[in-house]
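A short worksheet on the structure shown next.
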Amino acid sequence: MRVLASAPAKIILFGEHSVVYGKPAIAAAINLRTYVEAELRRDDRIRIEAHDIKVPGLTVSFSENEIYFESDYGKAAEVLSYVRQAIELAMEEAGVRKGINVSITSQIPVGAGLGSSAAVAVATIGAVSKLLGLELTREEVAKLGHKVELLVQGASSGIDPTVSAIGGFLYYEKGNFEHLPFMELPIVVGYTGSSGSTKELVAMVRRRYESMPELIVPILNAMGKLVEKAKEVITSELDEEEKFAKLGELMNINHGLLDALGVSTKKLSELVYAARTAGALGAKITGAGGGGCMYALAPGKQREVATAITIAGGTPMITEISREGLRIEEVIK
Ligand SMILES: Nc1ncnc2c1ncn2[C@@H]1O[C@H](COP(=O)(O)OP(=O)(O)OP(=O)(O)O)[C@@H](O)[C@H]1O
Ligand SMILES: C[C@@](O)(CCO)CC(=O)[O-]
Ligand SMILES: [Mg+2]
């Protein structure tokens, strides 16, 4: 038997990092997906094929007619830790252990703030649980995905696996979520081309929080208040133009606060300012930062902003909200 499942990437519109401290955040699933195929094996081995992961430290050497490969096994094992934990938890939940092949292909850039870790965890849990005959709800998959992130990263708010499993446009706080009214968001995502590790960035913010709570706590509180304001705007009766103007302003404040936490980079800030100069109403980091992506809100100016991001050395992506989260694409008996 074989199961193919997929799960989407996300952008965090407001509230990354502060969400780890119990503040609310707003996020949306977007139409880039990770696909995971799981099939039963005849033996009891578990084999993972990750087509999009590059492991640093591969050395190739030659002699006359032979070629030798050496890889850094520590790094290779670490890079697959989200997938391994996801398989482990799905098997634990099903109460059976079987040999399986898991094959991953992904459209989501890795370590870029678009929730690649959550999407791979959610799609793996979806595929493996179905393969083992378990019918989990999307919410149950989201909870297991959160567990995977906690085990691998040490800290996670759970927002990324929740958005990836459920899909759509969500307000999230301490493990609970609410659907926000669906709205088309004229956004452009800008990818710096470099990556950041969420585990390390969350740990860096934690160190600052512990060493200077009198400065960091007010920043996190301001982020929480800003998310409440953004929710009020999104659910208000204002017309779209007014909503976008207010959300843009809140995005810019959120970016400044994230910069104060230390998660921006020169390149991220350059893309943010390039987007604003080209007419975006707001622009900020999305996700953990330290590289990765920013996004801009640019009604009527998406093309101009995409060009400005390119000129500033980034890669623009015009994305749409994905209403669907985890999807079982195919089951072959
Ligand atoms: N296609 C994939 N195949 C296997 N593992 C993946 C894949 N995509 C992501 N991962 C795992 O997720 C890790 C990156 O997760 P990380 O949380 O640091 O960044 P992100 O999820 O892309 O961004 P953010 O958490 O800020 O949204 C990779 O190092 C790898 O372990
Ligand atoms: C940085 C963070 O807030 C968002 C990562 O997309 C981490 C988390 O919420 O688990
Ligand atoms: Mg992640």
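Whatever order the structure lists ligands and atoms in, that order sets their numbers, starting from 1. From a predicted model like this one, the values you see are computed outputs, not experimental measurements.
For the residue pair Asn101/Arg41, the side-chain donor-acceptor check at 3.5 Å is satisfied. For the residue pair Glu329 and Ser6, a side-chain donor N or O sits within less than 3.5 Å of a side-chain acceptor on the partner. With no hydrogens or angles considered, no side-chain donor-acceptor pair links Glu330 and Tyr35 at under 3.5 Å. The closest side-chain donor-acceptor pair between Gln153 and Tyr82 falls under 3.5 angstrom.
Here Ile12 has side-chain heavy atoms under 4.0 Å from ligand 2, and that is the only part of it that gets that close. Contacts between Ser117 and ligand 1, counted as non-hydrogen atom pairs separated by less than 4.0 Å, involve both the backbone and the side chain. Proximity of Ile104 to ligand 1, defined as any heavy-atom pair under 4.0 Å, is confined to the side chain (atoms from C-beta onward).
Within ligand 1, the atoms closer than 4.0 Å to a non-hydrogen atom of Leu114 are 23 (O), 27 (O), numbered from 1 in the order shown. Every atom of ligand 1 with a heavy atom of Gly115 under 4.0 Å away is listed here by number and element: 21 (O), 23 (O), 24 (P), 27 (O). For ligand 2, the atoms lying closer than 4.0 Å to a non-hydrogen atom of Ser156 are 10 (O). Shown in contact with Ile159 at under 4.0 Å from a heavy atom are these atoms of ligand 2, numbered in order with element: 9 (O). For ligand 2, the atoms lying closer than 4.0 Å to a non-hydrogen atom of Val19 are 3 (O), 9 (O). Distances below 4.0 Å separate heavy atoms of Glu16 from the following atoms of ligand 2: 3 (O). Of all atoms in ligand 1, listed by their number and element, those nearer than 4.0 Å to a heavy atom of Ser106 are 1 (N). Listed by number with element, the atoms of ligand 2 under 4.0 angstrom from any heavy atom of Gly287 are 6 (O). Interface of Ser197 with ligand 1, defined as ligand atoms under 4.0 Å from a residue heavy atom, comprises 18 (O). For ligand 1, the atoms closer than 4.0 angstrom to any heavy atom of Ala288 are 26 (O). Close approach of ligand 1 to Ala112 is summarised as follows: ligand atoms under 4.0 Å from at least one heavy atom of the residue are 22 (O). The atoms of ligand 1 that sit less than 4.0 Å from any heavy atom of Ile53 are 2 (C), 3 (N), 4 (C), 5 (N), 6 (C), 7 (C).
In summary, Thr198 places no N/O/S atom under 2.8 Å from the Mg ion (ligand 3), failing the contact criterion.
Below 30°, between 30° and 60°, or above 60°: for Tyr209 and Tyr21 the angle between ring planes is between 30° and 60°, a tilted geometry.
At the shortest separation from atom 5 (C) of ligand 2 among protein heavy atoms lies Asp160 OD2, 3.4 Å. Atom 3 (O) of ligand 2 has its closest protein heavy atom at His17 N, 2.9 Å. Here the protein heavy atom with the shortest distance to atom 7 (C) of ligand 2 is Val20 CG2, 3.8 Å. Tyr82 CD1, 3.5 Å is the protein heavy atom nearest to atom 11 (C) of ligand 1. Of all protein heavy atoms, the one lying nearest to atom 8 (C) of ligand 2 is Ser157 OG, 3.4 Å. When hydrogens are left out, the protein atom nearest atom 23 (O) of ligand 1 is Gly113 N, 3.2 Å; that is the closest non-hydrogen contact. The protein heavy atom nearest to atom 10 (N) of ligand 1 is Val120 CG1, 4.0 Å.
The two atoms that bring Ile328 and Ala5 nearest to each other are CD1-CB, 4.0 Å, heavy atoms only. Between Lys23 and Gly224, the shortest heavy-atom contact is CB-CA, 4.0 Å.
Under a hydrophobic-cluster definition in which Ile, Leu, Val, Met, Phe, Trp and Tyr are linked whenever side-chain heavy atoms come within less than 4.5 Å, directly or via other members, Leu144 and Ile159 are assigned to different clusters. Cluster membership for Leu134 and Val96, using ILVMFWY side-chain heavy atoms within less than 4.5 angstrom, is shared. One hydrophobic cluster holds both Ile11 and Ile253 under the rule that ILVMFWY side chains link at heavy-atom gaps under 4.5 Å.
Lys130 has a carboxylate O that lies under 4.0 Å from a charged side-chain N of Glu135, or vice versa, which qualifies the two as a salt bridge. Comment: Lys231 does not engage Glu173 in a salt bridge, judged by the lack of any side-chain N to carboxylate O separation of less than 4.0 angstrom. Ion pairing of Glu270 with Lys267 is present here, as a side-chain N (NZ or NE/NH1/NH2) and a carboxylate O approach within less than 4.0 Å. Arg97 has a carboxylate O that lies under 4.0 Å from a charged side-chain N of Glu88, or vice versa, which qualifies the two as a salt bridge. With salt bridges taken as basic N to acidic carboxylate O contacts below 4.0 Å, one links Arg327 and Glu324. For the pair Lys147 and Glu149, the salt-bridge criterion is not met [side-chain N within less than 4.0 Å of a carboxylate O].
Of the polar atoms of Lys10, at least one N or O is found under 3.5 Å from an N or O of ligand 1, judged by distance alone. Of the N or O atoms in Gly111, one or more lie within a sub-3.5 Å distance of an N or O in ligand 1. Checked by distance only, ligand 1 and Thr198 come closer than 3.5 Å through their nitrogen or oxygen atoms. Checked against a 3.5 angstrom limit, the closest N/O atoms of Ser116 and ligand 1 fall inside it. Backbone and side-chain nitrogen or oxygen atoms of Val110 are examined, and none is located within less than 3.5 angstrom of a nitrogen or oxygen of ligand 1.
When Val79, Asp52, Ile12, Ile159 are ranked by how near their heavy atoms come to atom 31 (O) of ligand 1, first place goes to Val79.
Between the Asn31 side chain and the Ser322 main chain, no donor and acceptor come within less than 3.5 Å of each other.
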